[in-house]
Structure formats: C-alpha cells, structure tokens
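What you are looking at is a predicted structure, and each value in this text was computed from that prediction instead of being measured.
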Amino acid sequence: MRILHRRSRVADRGAPARRAAGAPETDARETDARETDARETDARENGAREAGAVAPVGAVNGYAVLETVATLPVSTWRYLWEPEDVRHLGPMAQDWQVAFGFNQDGTTIPVVDGLGVALVCVQALNRRVEELTAEVDRLREATRANRPEAA
C-alpha cells in the first residue's frame with residue numbers, strides 16, 4: 001500500500017481563485033507573507049507527523065465498538081443560532097463522550113475520532129459478513145451432502 005502525503009493547502013489558495021470567489025484583493029506582499037507562513041506551518045505539521053509525533057496506544061475490539069455504536073442514540077438536531085429549518089444528523093456530543101470517552105468535553109465530536117469509529121465498524125461488519133458467508137457455504141454443502149439422489 002502506498003501512502004501519499006497530503007498536498008499543501010497553500011497550493012490550492014491562489015489569488016485568481018480568491019478574486020473569482022469575490023474575496024477582496026490584498027497587497028501581494030501581504031499575500032506572499034501569509035502563504036509563506038502557511039507553508040512553514042504545514043511543513044512543521046508534516047514534519048511532526050513524519051517524525052513520529054503520534055504514539056500508538058493499543059488495539060481496538062471492532063465488535064465492541066460496533067455494539068457501542070449500535071446503542072448510541074442518533075437524532076436530528078440544530079445549533080441554537082441556526083434557522084429553524086436546518087437539521088444535522090448524528091449523535092449528541094455528550095452521548096459520544098459517555099460512549100467512547102475520547103475527548104475531554106461533551107461539546108464536540110472530533111472528526112478524526114468519528115472517522116476512526118466508522119472505519120472500525122466497517123471492518124467489524126466486513127468480518128461478520130465473511131463469517132456468515134462461510135457459514136452459509138458450509139450449510140449449503142451439508143444440505144447437498146444430505147439430499148437423496150434424484151432418480
């Protein structure tokens with residue numbers, strides 16, 4: 001498997017794109033300084049990741065995570081400042097924090113945690129499908145072996 005490094009967002013932030021989007025024009029020196037700062041920040045972040053700034057903590061039981069997700073209340077909701085007709089779908093951050101305890105507060109669900117939980121659940125479901133497929137194959141074979149030969 002080949003791992004590709006994330007392309008810098010700075011490359012995607014050109015002045016023509018900002019002008020096309022209706023953003024106010026800025027002094028070229030100011031834009032260059034911001035883009036240089038962004039590149040340096042991006043290099044520090046990538047360097048930290050490449051230097052091993054993340055420490056693996058342990059394996060995850062996918063079936064246990066799947067069971068937790070299955071019992072997690074999911075509803076539609078909106079932020080208080082949004083119009084009445086806006087709706088989001090998902091668990092409440094407080095329920096997420098109680099279920100998983102990943103983040104220290106009950107006000108947000110970090111995207112990286114949501115993605116991780118989703119991937120673990122997909123893996124657990126895939127393993128379960130493979131187990132059930134193997135069981136169906138065994139039962140079909142047993143049924144064929146037990147059938148009397150047709151005359």
Side-chain angles (χ1 to χ4, degrees), residues 1-18 20-23 31 34-150:
M1 181 169 131
R2 188 169 167 219
I3 298 175
L4 302 175
H5 291 284
R6 181 175 61 90
R7 192 173 139 208
S8 173
R9 288 175 285 201
V10 173
D12 296 329
R13 286 191 236 145
R18 282 193 299 278
T31 301
R34 276 199 311 261
E35 290 179 354
T36 300
D37 289 345
R39 275 193 297 272
E40 289 171 358
T41 299
D42 198 45
R44 280 193 304 272
E45 289 173 359
N46 285 334
R49 273 184 245 126
E50 291 169 7
V54 177
V57 177
V60 176
N61 181 335
Y63 291 120
V65 173
L66 186 59
E67 287 178 20
T68 302
V69 168
T71 62
L72 191 63
V74 176
S75 60
T76 58
W77 52 272
R78 71 177 179 83
Y79 292 106
L80 295 176
W81 61 82
E82 293 179 318
E84 288 285 330
D85 62 337
V86 172
R87 289 290 180 267
H88 302 282
L89 174 69
M92 296 292 170
Q94 297 86 344
D95 295 330
W96 180 272
Q97 201 277 331
V98 168
F100 296 108
F102 292 143
N103 52 334
Q104 298 301 315
D105 66 9
T107 61
T108 60
I109 299 174
V111 173
V112 68
D113 292 339
L115 292 172
V117 166
L119 288 172
V120 167
C121 288
V122 167
Q123 290 174 343
L125 288 170
N126 183 62
R127 283 193 303 275
R128 186 67 179 134
V129 166
E130 288 174 349
E131 292 167 359
L132 291 173
T133 301
E135 183 177 348
V136 166
D137 290 345
R138 281 193 304 275
L139 291 172
R140 282 183 180 151
E141 196 59 40
T143 303
R144 277 191 216 113
N146 291 333
R147 280 191 195 151
E149 289 297 320

Would you mind writing out the side-chain donor-acceptor pairs for residues 108-115 within the sub-3.5 Å range, not counting sequence neighbours?
none

Report task. Could you pull out the closest heavy-atom pair between Gly62 and Val120, with the gap in Å? Result ->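 Heavy-atom minimum between the residues: CA-CG1, 3.4 Å.
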**Basic-acidic side-chain contact under 4.0 Å: Glu131, Arg128** =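 Looking at Glu131 and Arg128, the cut-off is met.
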| Under a 4.0 Å N-O cut-off, is there an ion pair linking Glu141 with Arg138? |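 No, this pair does not count.
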Return the set of residues passing ring pair (Phe, Tyr, Trp, His ring centres under 6.0 Å) with Tyr63 (not counting sequence neighbours), or none when no residue passes.
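So Tyr63 forms no ring pair (Phe, Tyr, Trp, His ring centres under 6.0 Å) with any residue.
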inquiry  = Going by ring pair (Phe, Tyr, Trp, His ring centres under 6.0 Å), name the pairs with one or both residues in residues 100-134, residues two or more places apart or in two chains.
reply    =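 Those involving residues 100-134 are Trp96-Phe100, Phe100-Phe102.
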Atom pair CG/CG of Leu72 and Asp95 - distance to nearest 0.5 Å =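 Output value for this atom pair is 6.0 Å.
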Distance-only donor-acceptor hits, side chain of residues 82-93, under 3.5 Å, sequence neighbours excluded:
unit_1	atom_1	unit_2	atom_2	d
Glu82	OE1	Tyr79	N	3.0
Glu82	OE1	His88	NE2	2.9
Glu82	OE2	His88	NE2	3.0
Glu84	OE2	Arg78	NH2	2.7
Arg87	NH1	Glu84	O	2.8

Check: Can you find a pair of side-chain heavy atoms, one from Gln94 and one from Gln97, that are under 4.5 Å apart?
Finding: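 In short, these two side chains do not touch, never coming nearer than 4.5 Å.
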### Message
Restricting to side-chain contact (heavy atoms from CB on, under 4.5 Å), what partner residues turn up for Ala118, sequence neighbours left out?
### Response
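Ala118: no side-chain contact (heavy atoms from CB on, under 4.5 Å) contacts found.
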My understanding is that only residues two or more places apart in sequence, or in another chain, count here; which of them pass side-chain contact (heavy atoms from CB on, under 4.5 Å) with Thr133?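 Thr133 satisfies side-chain contact (heavy atoms from CB on, under 4.5 Å) with Val129, Asp137 once adjacent residues are dropped.
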